[in-house]
Trainee: 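Below is a structure I'd like to ask you about.
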Amino acid sequence: LGGGLAIALERMNRIASARADTLERLRGGATNPLFDIYPALGDRIPWRPLGTYPTPLVEFALPFSTPGTRLFIKRDDLASRLYGGNKVRKLEYLLAEAALLRRDSLITLGALGSNHALATALHGAALGFEVDLALYDQPVTPFVQRNFSGFLAAGARLHYGRTIPGALLLARRIHRRRIAEGRAPYFVMVGGTTRLGCFGHLSAALELGRQVADGIMPEPDVVYAPLGTSGTAAGLVVGLKLAGLRSRVAAVRVADAIAANSLVLRYLAQDLADFLHAADPSVPRLTITSQDFDVLPNYIGDGYGLPTAAGKDAIDTAAAAVELDTTYTGKSFAACLDYCRNAPPDRVVLFWNTFNSAPVPRSRGRADAPAEFRHLVGLAER
Ligand SMILES: Cc1ncc(COP(=O)(O)O)c(C=O)c1O
């Protein structure tokens, strides 16, 4: 088991390298806050933009009175008109690596209504990749049905793995099959969380640092974000430190504790920080400690994907400003509102909206779904 884990980590940590001019061509003249501050990283790390940045910061009018507490929302839901949310920033690095390696297809896994799977299907197809999705069960909600319909509309090939281990094995089989067919598949880890995937929110936190420096919002005391596969929170933890912000990340656990916990978060963040310093010694050496983040375990309710009453209330509270979902952002916003209600005076709070708000394309209906899924997802007929 230890050996298997070491191999898995080694794979998750590998980042393809290329000549600086090749990487520059891949970027097509674009840049991002990370590469602006540390150009040597731009010469080392594959990246190509899929979104529009910076994403807006808006102040949210709290529906209760607080002694000076202000809440802002980072509108990463607006990151892309094709499909926004937190997966866009990760895919900018991962799909760039796939292109660099001359891969022609993508394989990833996710739950039946995975935002990550949908983002990969839509952005992957837009870049000309064929996309295979190995899916596992989750409670079927309207959000799940909407995304599942989006998979079909995006033209992704769907495979049913039932459980997470089942989907992982299936992904490996599909990978072998595609190679036997003469294709060149690229495997995208669940949630897009690898060392390279974590760069997305590292750069996002530097973007926030610029917005704070420009006076768009005051320095946040705390940044709320969901904790799923932990890549988003890990990137933010490292990026906020690099940006010189004292903001603490409040990572709201929305997935099972075996995958979403402070050990995983700390590992990913420290690994990223160590890599950065080794790749470019002008990046300060950082030590990630428990002072840098909190993992909040009390908002998941009965489990991943199962709506909670507090989450639904939070979705209603947010509705005039942003649409949140029952699996990730509703639960996280519930935690954020609780904090604002009881915060010490004059706190500045930032809610990082990781959900997509672009319209999700819909398939024609049930008939498009492969047979093994039809009984699971009662797709709305049009
Ligand atoms: C809307 C949304 N928010 C948050 C997350 C969690 O991000 P991460 O997996 O990087 O922890 C996900 C996906 O996993 C998501 O789809």
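One-based numbering along the sequence shown. Order of listing sets the numbers, starting from 1, for every ligand and every atom in it.
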Trainee: Measure the acute angle between the ring planes of F35 and Y93, then classify it against the limits of 30° and 60° as parallel, tilted or perpendicular.
Mentor: perpendicular
Trainee: Answer yes or no: does an N/O atom from N115 fall short of 3.5 Å to an N/O atom of ligand 1?
Mentor: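 For ligand 1, there is an N or O atom that lies under 3.5 Å from one belonging to N115.
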Trainee: Just verifying a value: how many Å separate E323 CD and T329 OG1, rounded to the nearest 0.5 Å?
Mentor: 8.0 Å
Trainee: Counting from 1, what ligand 1 atoms have a heavy atom of P226 closer than 4.0 Å?
Mentor: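 Going through ligand 1 atom by atom, the ones under 4.0 Å from P226 are 3 (N), 4 (C).
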Trainee: For residues T354 and N86, is any side-chain donor paired with an opposing acceptor at under 3.5 Å?
Mentor: no
Trainee: On a heavy-atom basis, I'd like to know which of Y304, Y328, W352 is closest to atom 12 (C) of ligand 1.
Mentor: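 That would be Y328.
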Trainee: Below 4.0 angstrom from a heavy atom of G231, which ligand 1 atoms are there? Numbered from 1 as shown, please.
Mentor: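 So the atoms of ligand 1 that pass are 10 (O), 11 (O).
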Trainee: Check the orientation of F351 and F333. Use parallel for under 30°, tilted for 30 to 60°, and perpendicular for over 60°.
Mentor: perpendicular
Trainee: Heavy-atom distances under 4.0 Å are what count here, so tell me which part of H116 touches ligand 1: side chain, backbone, both or neither.
Mentor: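 No part of H116 is near ligand 1 at this cut-off.
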Trainee: Side chains of Y304 and Y328: closer than 4.5 Å at any heavy-atom pair?
Mentor: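 A side-chain contact exists here, since the closest heavy-atom pair is under 4.5 Å.
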Trainee: Could you find the nearest protein heavy atom to atom 13 (C) of ligand 1 and give me its residue, atom name and distance?
Mentor: K87 NZ, 2.7 Å
Trainee: How far is atom 9 (O) of ligand 1 from its nearest protein heavy atom, and which residue and atom name does that atom have?
Mentor: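 Of the protein heavy atoms, T229 OG1, 2.5 Å lies nearest.
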Trainee: Check whether any side-chain heavy atom of F72 lies under 4.5 Å from a side-chain heavy atom of I216, and answer yes or no.
Mentor: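 F72 vs I216: side chains apart.
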Trainee: Just to verify, which of L133, L127, L95, D132 counts as forming a side chain to side chain contact (heavy atoms under 4.5 Å, CB included) with L106?
Mentor: L95
Trainee: For atom 3 (N) of ligand 1, what is the closest protein heavy atom, and at what distance to 0.1 Å?
Mentor: T354 OG1, 2.6 Å
Trainee: If you measure from each non-hydrogen atom of N86 to ligand 1, which part falls under 4.0 Å: side chain, backbone, both or neither?
Mentor: side chain
Trainee: Will you find, in the side chains of T193 and K90, an N or O donor that is under 3.5 Å from an N or O acceptor?
Mentor: yes
Trainee: Against heavy atoms of K90, which atoms of ligand 1 measure under 4.0 Å?
Mentor: 8 (P), 9 (O), 10 (O)
Trainee: Between ligand 1 and A233, can you find any atom pair, the residue atom being a heavy atom, that is separated by under 4.0 Å?
Mentor: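 No, A233 has no heavy atom closer than 4.0 Å to ligand 1.
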Trainee: Run the ring pair (Phe, Tyr, Trp, His ring centres under 6.0 Å) test on F143 and F355 for me, step by step, so that the C-alpha distance in whole Å, both residues' side-chain angles and the decisive distance to 0.1 Å come before the verdict.
Mentor: CA-CA 11 Å; F143 292 102; F355 193 45; 5.8 Å; yes
Trainee: Strictly under 4.0 Å, does any heavy atom of G191 approach an atom of ligand 1?
Mentor: no
Trainee: Counting both backbone and side chain atoms, is some N or O of F355 under 3.5 Å from an N or O of ligand 1?
Mentor: no
